[in-house]
Visitor: 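Mind looking over this structure? Questions follow.
Bear in mind the structure is a predicted one, so any value in this text is a computation, not a measurement.
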Amino acid sequence: QSYDYDEGSETWPFFMLAVLCVILVPLTIMQLWEALAGGEKDRSSQHQQHVLGDLSERYTGNDVRTFRAKYAAKKSKWLAKRNLVIIAGWTIVAYLVQHIGSNDAIKDAATLLFDPYALLDISASSTDREIRSAYRKLSIKFHPDKLAKDLKPEERSVLEEQYVMITKAYKALTDEITRENYLKYGHPDGPQATSHGIALPKFLVDSSASLVMIVGYIALLGFILPFFVSRWWSKTQSMTKKGIHVKSASYFSDRLFNFKPSQVVTTQLMIRWISHSEEFKLMFPALAPNIFETLLHDHINRKHSGNLQTTKFRIVAKSHILLFGLLDIATTFRNLEISNAAIDTLKALVQAIPLSPYSQILQLPNVDAKRFVEGSVDDIRTLGKLFTYDDAKIGKILGIEDATQLQETLTVASNIPYLKLIRAEFKVPGESVITPLSTPHISLKVLVRSAKHKFFSPNMIPDEMCQDEQDFDSLRDPFASVSEQPKLPQSFAPYFPAKRSGCWCALVVLQKDGKVIQTPMLIDRLSFANLSQDFDKRTVKDLDKDFNPENWAVGTIKIPFSQPAPEEKGDYFFRVIIKSTEYFGPDLDFTVSMAVRE
Amino acid sequence: LNYNSNSKLLEVPGCSEDVEMNIQQINKLTQDLVAENNPNFTPQPHDDSTSMIKKLFESGLKNLQQQKMAEALKSINLAIEMAQRKRAPWEAFAVQLQELQFMLKNRVDLSLIQGKFMDGLQDLDFLQNTGLNSSDVFIRKTDALMKLKQYELARSEVERGLSLDPTNIKLKSLHIENSRRLAEYNG
Amino acid sequence: NQALKRRFQAILLRKEVYSEQW
């Protein structure tokens, strides 16, 4: 019953040391890694550097810049806090080590430990011969008969003691039984008296401090633990796996569930829906949804919102995740119209441009919208069409006088990544046809091209450039080859409060009933190498001479198919929609047929 | 929920639009029931309203024969309005749906001939929404969208039409024509 | 039938919205 606590406080320092090291060592390594590699991690991460990112930084307005600066600051403070913990931790460790070193109780306890190699002062890996010779040397020195006569009795006893130990050590290493004992119990004489105790320092358990302990325990178990657990639990409970608040998700589901065909789907409707999200209410409890709606519309129309400017930036930055949540729910309800509208709304918020036939043009910087819409002689609605004119004419059409600004606008326009479909087919890894009930995926070969590039027909890209390597691991996991492609670079979105690199959303629609059949797949890895090509449609005249397929990087997109191929043979048609979340224009919308054969 | 006795209508002050819509439906139903003087009415369509609608529609077709398009459109619109108003909510849905779809199909052609592409397009949308997926709906819809310069939408329409009816010549030629327009549209 | 009527009425609204949007 009477536990003997750690009288000489010889065990709890080790326990504390162990606990601290377990926490501190990985933390310190991580911290060092962040501090050293952290910088270049941002720089040299897979994001390919791209001219649009730099231009986007150049065109970012001051209020967005200050907003970003404020937001970014938070991160570094957090870093400091972690440093603090590390420094404190290591000082405690230092103190403990010093305490252990100085504490003699620990020292003599240490001598209790029987270590034959130390006694014979030979290395642990020495052979029997060395052990024997070492033993012989030492025993001659320490043998009682050999000891000098004039020793004092207590010296003599120490030496005799020493001799006994040496003999024991020798036996522990050579004689079978004692070695057996030593290996099993760590001591040749068999199991030693081991003292079991609680590694708690004495001062903690004697009567006076025990009250503090009890109170400590009650506080820990009664308040602190429940507090953290409940906070963690409410946090996890309140967020869906897509990262939006449960209440927002249920609101969106309710809107979709009660959606009437007589309602018209527009971006205004999407904005109204996300304005009722729980996130906004939590961020700004004092504001009503219609205020959020107005702010979002202000953002899209690039109107200043006065003192609600920061509020506007925060909800616009948040709307990104909300629209993805809404998109996910809309695809779960198989509603294509709302899925499309959600992505269009995201584009409108990213580019701060309302959805209109001229959005592709108006998303360019320095465009004088009024002059463009009135002035445009024949209907120019796409960048491709814009690039059929020469630069000067384009300047006039867009209403840009200043040459450098025009140059920058043209750079942006020619670097907006358009997708061109080269090959599209259903594929089952390792099969040449789609067999019934197999697990196909949609394999696309696309070319990232600029709007100024001359158009050429897809079959000018030879088949061998569109083959996937048929080696084993690509058969085992066909999606591995996609992740070798570089990540998308920072997008040109100077009005968006946060830096972003965007993605394409791939929707798969069943042509029979026009409904979405699976949740969207996000494409965030594609090489933009082709954009650096000139290949201007105004200069390139005949394709055969100037066109060389080798110069073009073919991108791969693989869309997993959510359900197995149908049972019976036949042709099934699916519509694949690949919509960019960043820019107006670079969307793909085509039909792929699945020919199910034996 | 409170009931207004003299106007015999239900109302729920300050309710959501979904509840509001249900209340309207109930009110409409009760009004028609109260107005119905024939005690043993059946879900079969009221034959005198059918004949009225038919007469109006016929006159529309007559105008069509005489190449008087505007009048034709007007009298077909009247026929549709008549159907919308006269038919009681309990008259067989299948009959009302067919009747409305039939009249709209004619109205679509009249609108397209007269260049009212947006009108034609919305009627075609309605026909598709109510389950009419025949090829000629896709043909007309693609044509209307091309006339409205919505080439992307036209392409997805015609591709869907071809998915449902791969051998349709008209759809194929529309697809080629639209791809050409798209290439031009994209410069 | 009433839902059908509502969808039919929506044709006018859709015409406005789309002509304005396009």
Visitor: Can you tell me how far the CD atom of Gln96(B) sits from the CZ atom of Phe8(C), to the nearest 0.5 Å?
Guide: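 Those atoms lie 12.5 Å apart.
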
Visitor: Go through the steps to decide whether Leu4(C) and Phe126(B) satisfy the test side-chain contact (heavy atoms from CB on, under 4.5 Å), and finish with yes or no.
Guide: CA-CA 10 Å; Leu4(C) 183 68; Phe126(B) 174 87; 3.7 Å; yes

Visitor: Taking the side chain as everything from C-beta on, heavy atoms only, tell me whether Gln122(B) gets closer than 4.5 Å to Tyr18(C).
Guide: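 Yes. Closest side-chain heavy atoms under 4.5 Å.
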
Visitor: Please flag which part of Leu153(B) lies under 4.5 Å from any non-hydrogen atom of chain C: side chain, backbone, both or neither.
Guide: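 Just the side chain, heavy atoms under 4.5 Å.
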
Visitor: Working to the nearest 0.5 Å, report the span between NZ of Lys15(C) and CG of Asp123(B).
Guide: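 If we round to the nearest 0.5 Å, Lys15(C):NZ and Asp123(B):CG are 7.0 Å apart.
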
Visitor: So which residues of residues 167-187 of chain B are in contact with chain C at a heavy-atom cut-off of under 4.5 Å?
Guide: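 Within residues 167-187 of chain B, no residue comes under 4.5 Å of chain C, counting heavy atoms only.
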
Visitor: Let me know if Glu91(B) has heavy atoms under 4.5 Å from chain C in its side chain, its backbone, both or neither.
Guide: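 Contact with chain C: backbone only.
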
Visitor: Verify side-chain contact (heavy atoms from CB on, under 4.5 Å) between Asn1(C) and Lys28(B), making sure each step is shown before the conclusion.
Guide: CA-CA 11 Å; Asn1(C) 282 320; Lys28(B) 170 90 173 89; over 6 Å; no

Visitor: Counting only heavy atoms closer than 4.5 Å, note whether Asn129(B) contacts chain C via side chain, backbone, both or neither.
Guide: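 Asn129(B) touches chain C through side-chain heavy atoms alone.
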
Visitor: Need one label for Leu97(B): side chain, backbone, both or neither, based on atoms under 4.5 Å from any heavy atom in chain C.
Guide: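 Both parts, heavy atoms under 4.5 Å.
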
Visitor: How long is the gap from CG on Asp119(B) to CZ on Arg14(C), to the nearest 0.5 Å?
Guide: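 Atom-to-atom, Asp119(B):CG and Arg14(C):CZ are 13.5 Å apart.
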
Visitor: Would you say Lys86(B) has more than 12 foreign heavy atoms packed within less than 6.0 Å of its NZ?
Guide: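 Atom NZ in Lys86(B) is not crowded, with 12 or fewer foreign heavy atoms closer than 6.0 Å.
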
Visitor: Working to the nearest 0.5 angstrom, can you tell me the gap between Ile11(C) CD1 and Leu104(B) CG?
Guide: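 Taking CD1 in Ile11(C) and CG in Leu104(B), the distance rounds to 5.5 Å.
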
Visitor: Go through the steps for Arg6(C) and Met21(B) under the test side-chain contact (heavy atoms from CB on, under 4.5 Å), then give the verdict.
Guide: CA-CA 10 Å; Arg6(C) 268 200 305 274; Met21(B) 196 174 276; 3.3 Å; yes

Visitor: Hey, could you give me the CD/CD distance between Gln150(B) and Gln21(C), rounded to the nearest 0.5 Å?
Guide: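 Between atom CD of Gln150(B) and atom CD of Gln21(C) there are 8.5 Å.
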
Visitor: With side-chain contact (heavy atoms from CB on, under 4.5 Å) as the test, would you mind laying out the steps for Met118(B) and Trp22(C) before giving the verdict?
Guide: CA-CA 10 Å; Met118(B) 185 53 95; Trp22(C) 291 347; 3.6 Å; yes

